[in-house]
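Indexing begins at 1, ligand by ligand and atom by atom, following the structure's order.
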Amino acid sequence: MSAADVETKNQASWQDDAARDLVRNAGDRLAMFVRGEGSSLWDADGRRYLDFLAGIAVTSLGHAHPVFVEAVATQAATLAHVSNYFATPPQLALAATLKRLSGAGERGRVYFGNSGAEANEAAFKLARLHGGAERPRILALKNGFHGRTMGTLALTGKDYLQAPFLPMVPGVEFLDSTVEALEEALDDRVAALFVEPIKGEAGVVPLPDGYLAAARELTARHGALLIIDEIQTGAGRTGEWFGFQHAGIVPDAITLAKGIGGGFPIGALVTYGAAGDLFYPGTHGSTFGGNALATATSLAVLGEIERAGLVENARVRGEQLRAAIDAIGSTLVEGCRGQGLLVGVVLTAPVAGAVIAAAQEHGLIVNAANESTIRIAPALTIGDVEIDEFADLFARALATVQDALLLDDTTSEASA
Ligand SMILES: *Cc1c(COP(=O)(O)O)cnc(C)c1O
């Protein structure tokens with residue numbers, strides 16, 4: 001099918017095509033989008049939506065940002081790919097930039113892959129290289145999410161995701177997200193602890209206050225690596241370049257993807273200190289990983305985040321967004337979790353599915369992170385105009401669901 005055919009297809013027929021041609025690994029697609037600009041998306045019928053999900057914290061500059069477009073086009077016309085037998089200038093420049101922004105310093109090292117899962121696969125192998133036979137144990141958190149490849153699924157603390165694919169890669173144990181649980185679990189047979197600063201997929205659930213500082217202290221005492229998954233929280237999203245920086249600690253490694261590419265697939269592992277000496281020639285690799293096209297794009301995206309002060313914007317707009325959600329005063333909203341522009345709106349009833357459907361009806365894209373949490377992760381470029389429009393549309397979506405619930409109540413009372 002040509003691109004022109006896709007664009008002229010009506011809603012019913014693209015749904016049929018998707019149902020017939022795509023593997024059924026996920027639920028039905030909620031819409032088909034044909035174009036984006038800034039925080040706007042347009043579907044095949046020409047209807048506009050306000051995008052407050054940004055492809056799950058990915059399109060940090062919004063859609064079709066001129067800096068992104070220019071970077072892809074220029075690098076594609078210059079040099080796209082040469083394999084990792086060779087270096088390219090954007091790859092080295094991005095590695096240096098990531099070392100600087102993450103505070104990995106002189107001894108820091110960077111490995112490039114193409115996705116979050118690949119970044120975490122590299123981190124898993126780093127943990128094994130560090131642990132060897134003496135340290136077979138790897139710790140991760142219950143309800144955490146680190147990816148869906150066989151290695152990263154083994155790190156993902158959700159039974160229902162693992163169940164169809166057992167047996168898992170061995171050695172991983174899941175802990176409650178408390179300092180006490182960590183203290184109890186750690187010994188000198190642990191190779192690494194994997195944590196997200198905010199569990200995005202679990203429903204935007206932050207670690208308890210003081211957890212990262214305690215985890216740094218305890219893992220160091222036992223000689224285990226502290227590996228922080230910044231795939232969703234990185235690239236300025238939480239109001240710091242990386243989520244762990246709010247805690248003022250230095251990890252042994254962080255993993256990155258999503259927002260650093262602004263929509264171009266890329267993943268990275270950044271190591272600190274001695275952890276950077278663990279990989280040696282032949283221990284890992286990727287054909288596409290770190291190619292010139294991906295790294296030039298990521299370099300431009302990070303450059304624009306820095307130039308335009310978007311890390312600060314994420315902090316300020318995050319506060320403004322929370323205030324706007326509070327001001328709606330909906331009885332369906334209990335409050336907000338998260339930091340900066342990664343916001344979980346906690347609902348008073350398990351109606352997240354109905355809320356996102358109503359939001360889409362009203363022209364707003366947000367996500368149900370679980371049955372009672374709405375995840376909001378807009379582009380880092382948003383300003384007053386986007387927040388005002390969001391507040392209006394979100395209020396309407398909540399009211400629609402509230403009305404439906406009241407109607408349900410009345411109907412069931414009437415029939416009782
Ligand atoms: C999205 C995500 C991943 C997986 O990234 P993919 O690019 O989908 O493989 C891993 N960890 C966290 C915290 C994520 O949010």
Side-chain angles (χ1 to χ4, degrees), residues 23 25-27 53-60 102 111-127 138-158 161-162 165 169 172 174 177 192-207 211-212 215 226-238 240-244 246 251 253-270 286 288-290 294 297-298 301 337-344 367-370 373 375-378:
V23 164
N25 60 316
L53 184 59
I56 318 182
V58 166
T59 49
S60 0
S102 64
Y111 167 81
F112 290 114
N114 309 286
S115 65
E118 284 173 80
N120 281 337
E121 284 286 341
F124 198 154
K125 289 177 81 171
L126 185 82
I138 290 181
L139 306 179
L141 300 184
K142 286 180 190 164
N143 233 358
F145 182 85
H146 299 290
R148 291 170 176 276
T149 59
M150 286 307 296
T152 60
L153 187 57
L155 293 170
T156 291
K158 299 183 182 214
L161 290 182
Q162 293 189 349
F165 304 104
V169 176
V172 185
F174 296 104
S177 303
L193 168 69
F194 280 81
V195 292
E196 300 156 83
I198 299 171
K199 285 183 219 146
E201 298 306 299
V204 192
V205 184
L207 288 172
Y211 185 94
L212 278 180
L226 174 60
I227 300 177
I228 303 186
D229 182 337
E230 293 276 0
I231 288 165
Q232 195 158 150
T233 48
R237 171 122 329 249
T238 68
E240 290 280 358
W241 272 102
F242 304 102
F244 78 86
H246 293 282
I254 60 174
T255 52
L256 309 172
K258 292 199 168 94
I260 65 166
F264 204 100
I266 184 168
L269 166 74
V270 181
S286 160
F288 290 137
T297 307
S298 175
V301 168
R337 287 192 296 246
Q339 240 172 345
L341 287 176
L342 182 58
V343 178
N367 162 257
N370 61 40
T373 311
R375 174 171 39 187
I376 298 170

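No hydrogens or angles considered: nothing links the side chains of E240 and Q339 as a donor-acceptor pair under 3.5 Å.
In this structure, the side-chain contact (heavy atoms from CB on, under 4.5 Å) partners of A154, at least two apart in sequence or on a different chain, are F124, M168, V169, V172. Under the side-chain contact (heavy atoms from CB on, under 4.5 Å) criterion, P206 pairs with I198, R337, sequence neighbours left out. T59 is linked by a side-chain hydrogen bond (donor to acceptor under 3.5 Å, both in side chains) to nothing, counting only residues two or more places apart in sequence or in another chain.
Using a cut-off of 4.0 Å between Lys/Arg side-chain N and Asp/Glu carboxylate O, E230 and R237 are scored as not salt-bridged.
Note that the CG atom of L207 and the NZ atom of K199 stand 6.5 Å from one another [nearest 0.5 Å].
Near ligand 1, S115, G116, A117, N120, F145, H146, G147, E196, D229, I231, Q232, K258 each place a heavy atom less than 4.0 angstrom from the ligand.
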